Amino acid sequence: MKMNYDIILRPVITERSMDNIDGMIYSFEVDKNANKIEIKKAVEELFDVKVKSVNTMNVKGKKKRMGRHQGYRASRKKAVIRLRQDSKSIEFFEGMV
């Protein structure tokens, strides 16, 4: 059985994700094998919030070069979490806005 910290790997901190915090929308990098139900349950237990919806997307690694050598960045899975209106916000993101 996966623990919550194995499912939610890290928050995604970008300009777009910071703009969405006002609408109670948060972005996280999650385990590639996690489904929406597991992600919802993990976020609710870790941050003590009420989740309205979970959208997931697989982000393919970009091609990168170092001189003559080329390779790919790692692929990852991203989850966009929308909280209910009656839920409190996630405190982790409070100081970043």
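Everything quoted here is computed from the prediction, not taken from an experiment. One-based numbering along the sequence shown.
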Exercise. Tell me, do L9 and F28 make a side-chain contact under 4.5 Å, heavy atoms counted?
Worked result: no
For this session: Please tell me if the side chains of K2 and N33 come closer than 4.5 Å, counting only heavy atoms from C-beta onward.
Result: yes
Problem set entry | Residues N20, Y26; criterion side-chain contact (heavy atoms from CB on, under 4.5 Å); working and verdict | CA-CA 7 Å; N20 288 335; Y26 300 91; over 6 Å; no
Problem set entry | Test side-chain hydrogen bond (donor to acceptor under 3.5 Å, both in side chains) applied to S17 - qualifying residues, sequence neighbours left out |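 side-chain hydrogen bond (donor to acceptor under 3.5 Å, both in side chains) check on S17 returns T14.
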Anything under 3.5 Å between a donor and an acceptor, one on a side chain of residues 74-93, the other on a protein residue two or more places apart or in another chain? List them.
unit_1 : atom_1 : unit_2 : atom_2 : d
S75    : OG     : G61    : N      : 3.2
K77    : NZ     : A34    : O      : 2.6
S87    : OG     : K50    : N      : 3.0
S89    : OG     : E94    : OE2    : 2.5

Cluster check [X], [Y]: I/L/V/M/F/W/Y, side chain < 4.5 angstrom:
X   : Y   : value
V59 : M18 : no
F47 : I13 : yes
Y5  : I37 : no
I25 : L46 : no

Exercise. What pair of heavy atoms forms the shortest contact from I8 to I39, and how long is it?
Worked result: CD1-CG2, 4.3 Å
For this session: Taking all heavy atoms of V12 and all of E29, pick out the closest pair and write down the distance.
Result: CG2-N, 3.7 Å
For this session: Only pairs at least two apart or in different chains count here, so list each side chain to side chain donor-acceptor pair (under 3.5 Å) that has a residue in residues 64-74.
Result: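 Qualifying pairs, neighbours excluded: none.
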For this session: May I ask you to check whether over 12 heavy atoms, not counting those of K60, lie within 6.0 Å of atom NZ?
Result: no
Exercise. Within the side chain of E44, is there an N or O that forms a donor-acceptor pair under 3.5 Å with the backbone of K41?
Worked result: no
